[in-house]
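See structure below.
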Amino acid sequence: MEPTKLTPKPKLIIIGAGFGGLTAAQALRYANVDITIIDRTNHHLFQPLLYQVATASLSPGDIAMPVRAVFKQQENITVVLGEAVDINENNQVVTLEDGGTFNFDYLIIATGTRHSYFGNNQWEENAPGLKTISDALKIREKILLSLEKAELESDPEKRKALLHFVIVGGGPTGVELAGAISEIVKRAVINDYHNMKADDTNITLVEALPYILPPFDPELRTAAVKMLNKMGVNVMVNTMVTDVDDHGVNTKKGYFKSNNVIWAAGNEASPILKSLNVQTGKAGRIPVQPDLTIKGYPNIFVIGDAAIFQNKSGQELPAMAPVAIQQGRHVARLLGDRIQNRKRPAFHYQDRGKMATIGRAKGVAELGEFKFAGFFAWVIWSVVHIFFLIGFRNRFRVMAEWVWYYITFRGSVRLITGVDVYEKKKEGEKKRQDEKEMENRKA
């Protein structure tokens, strides 16, 4: 259906201030349209570097920018802090969690994804995922607290579990986390602890598929495994997780005792997509038309990780930042043309390559027919990520941190600041209760 009635200035709502939503809004800076951008956080997050916050290499402020600061000079945009929970596509209304409503003529859904436990959401308590700054800080504190506890732990088995780090998922996020954690616990901070050696730590990367880094060429996958092994990471493929509990991970190949399990194995779309009267695909994402709209609703666009888009070869585009950015630009062009009643072209993705870093001066990159592994791939990765960061200040700070870490192997944000006292109290009470039950059994 077409919008029932266009106002003199059409109302565009963008849900999500990630790569796709932000790009679309910026590209419509001079368009004759009133834009409202809604996000449940007040900042745009550069997710590709989130793992570096989780591993204490960067601060949250290095990879995030307040949304209002991004659009402070854009007169046709209104920023709303709130969580959209319902979309009425027929009445063209978006409803927020607090009950507020917004009417639209056009809608862009760019909500991204959240980590998925494939129906086992109870695992999240013991295996946090990595999608937000809050997630990253929880993981960072979990890692640092484990090192502190291990320094004082006299029981060898308990100490072994504290120093065992298990990453579930061998995609780019999992690989980058494994490499970064290895460098932190084996090289960067180990000398700060007198009762531990690098060999006491153990990092395991678990992947259900027969290989890691599925989007990459097999040659680069092999190179990545070799680099990880050299860094002390035990890569286990064909290893499906069957359960996660307080003490570790159970897989079809055995049980791994660990106090540090991190989930990087899957993603699922935002629940708001379920409020639309359309059929969703795998992981709750929505199949879109060639112009990135929902079938039957040419005024509603879905872009980025929330969309399932097939190229001419019938392959689905990966959930990557470059895809979301190009789709955001395409929709912005369509809206400008649509407002002027011009024909819509289909979206075509320009694949400029993919890359992943595996640690200091190590990485893999695939740029068309060219493949790189090692130092040069890491340089390409670094330059590209600095370029896409928003704001000169962020680019300068991140570059300075990387140069400092490259020279010294020391990060600058190894602080424990957000320990939940209540959670620690509960942990202590549970430990005392377990000890009491053990004494009763012996008696």
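Because only heavy atoms are used, hydrogens play no part in the values below, and waters and symmetry mates are left out as well, while side chains stay in.
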Is a side-chain donor or acceptor of [X] paired with a backbone partner of [Y] at a separation under 3.5 angstrom?
{"X": "E151", "Y": "N195", "value": "yes"}
{"X": "D155", "Y": "K158", "value": "yes"}
{"X": "Q289", "Y": "D291", "value": "no"}
{"X": "H44", "Y": "A17", "value": "yes"}
{"X": "T239", "Y": "V237", "value": "yes"}
{"X": "Q327", "Y": "G20", "value": "no"}
{"X": "W263", "Y": "N126", "value": "no"}
{"X": "S59", "Y": "G61", "value": "no"}
{"X": "R285", "Y": "D305", "value": "yes"}
{"X": "T357", "Y": "K362", "value": "yes"}

Which pair of heavy atoms, one from [X] and one from [Y], lies closest together, and at what distance?
{"X": "G170", "Y": "P214", "result": "O-CD, 4.1 Å"}
{"X": "G21", "Y": "A110", "result": "N-CB, 3.6 Å"}
{"X": "V261", "Y": "P128", "result": "O-CD, 3.2 Å"}

### Message
Between K253 and N238, do the side chains contain a donor N or O and an acceptor N or O under 3.5 Å apart?
### Response
no
#### Entry: N260 side chain to S258 side chain, donor-acceptor N/O pair below 3.5 angstrom
no
### Message
Under the criterion side-chain contact (heavy atoms from CB on, under 4.5 Å), I'd like the reasoning laid out for Q122 against N120: C-alpha separation, chi angles, the key distance, then a yes or no.
### Response
CA-CA 5 Å; Q122 70 275 13; N120 300 286; 3.7 Å; yes
### Message
Working to the nearest 0.5 angstrom, can you tell me the gap between H115 NE2 and E268 CD?
### Response
8.5 Å
### Task
Could you tell me how the ring of F376 sits relative to the ring of F372: parallel (under 30°), tilted (30 to 60°) or perpendicular (over 60°)?
perpendicular
### Message
Parallel, tilted or perpendicular: which one describes the rings of F309 and F347, with boundaries at 30° and 60°?
### Response
perpendicular
#### Entry: Residues N267, K131; criterion side-chain hydrogen bond (donor to acceptor under 3.5 Å, both in side chains); working and verdict
CA-CA 10 Å; N267 297 304; K131 282 292 181 182; 3.1 Å; yes
### Message
Test of understanding: with ring pair (Phe, Tyr, Trp, His ring centres under 6.0 Å), list the residues that count as partners of H164, not counting sequence neighbours.
### Response
none
### Test item: K371 and F216 side chains (from C-beta on) under 4.5 Å apart, heavy atoms
no
#### Entry: Cationic N near anionic O, under 4.0 Å, E124 to R114
yes
### Task
Could you go through the side-chain contact (heavy atoms from CB on, under 4.5 Å) check for I133 and H43 one step at a time?
CA-CA 10 Å; I133 285 178; H43 55 269; 3.8 Å; yes
### Summary
Only one of D245, D243, T242 passes side chain to side chain contact (heavy atoms under 4.5 Å, CB included) with Y255, and that residue is D245
Side-chain donor-acceptor contacts of residues 80-88 below 3.5 Å, not counting sequence neighbours, with atom names and distances?
{"residue": "N88", "atom": "OD1", "partner": "N90", "partner atom": "N", "Å": "3.2"}
{"residue": "N88", "atom": "OD1", "partner": "N91", "partner atom": "N", "Å": "2.8"}

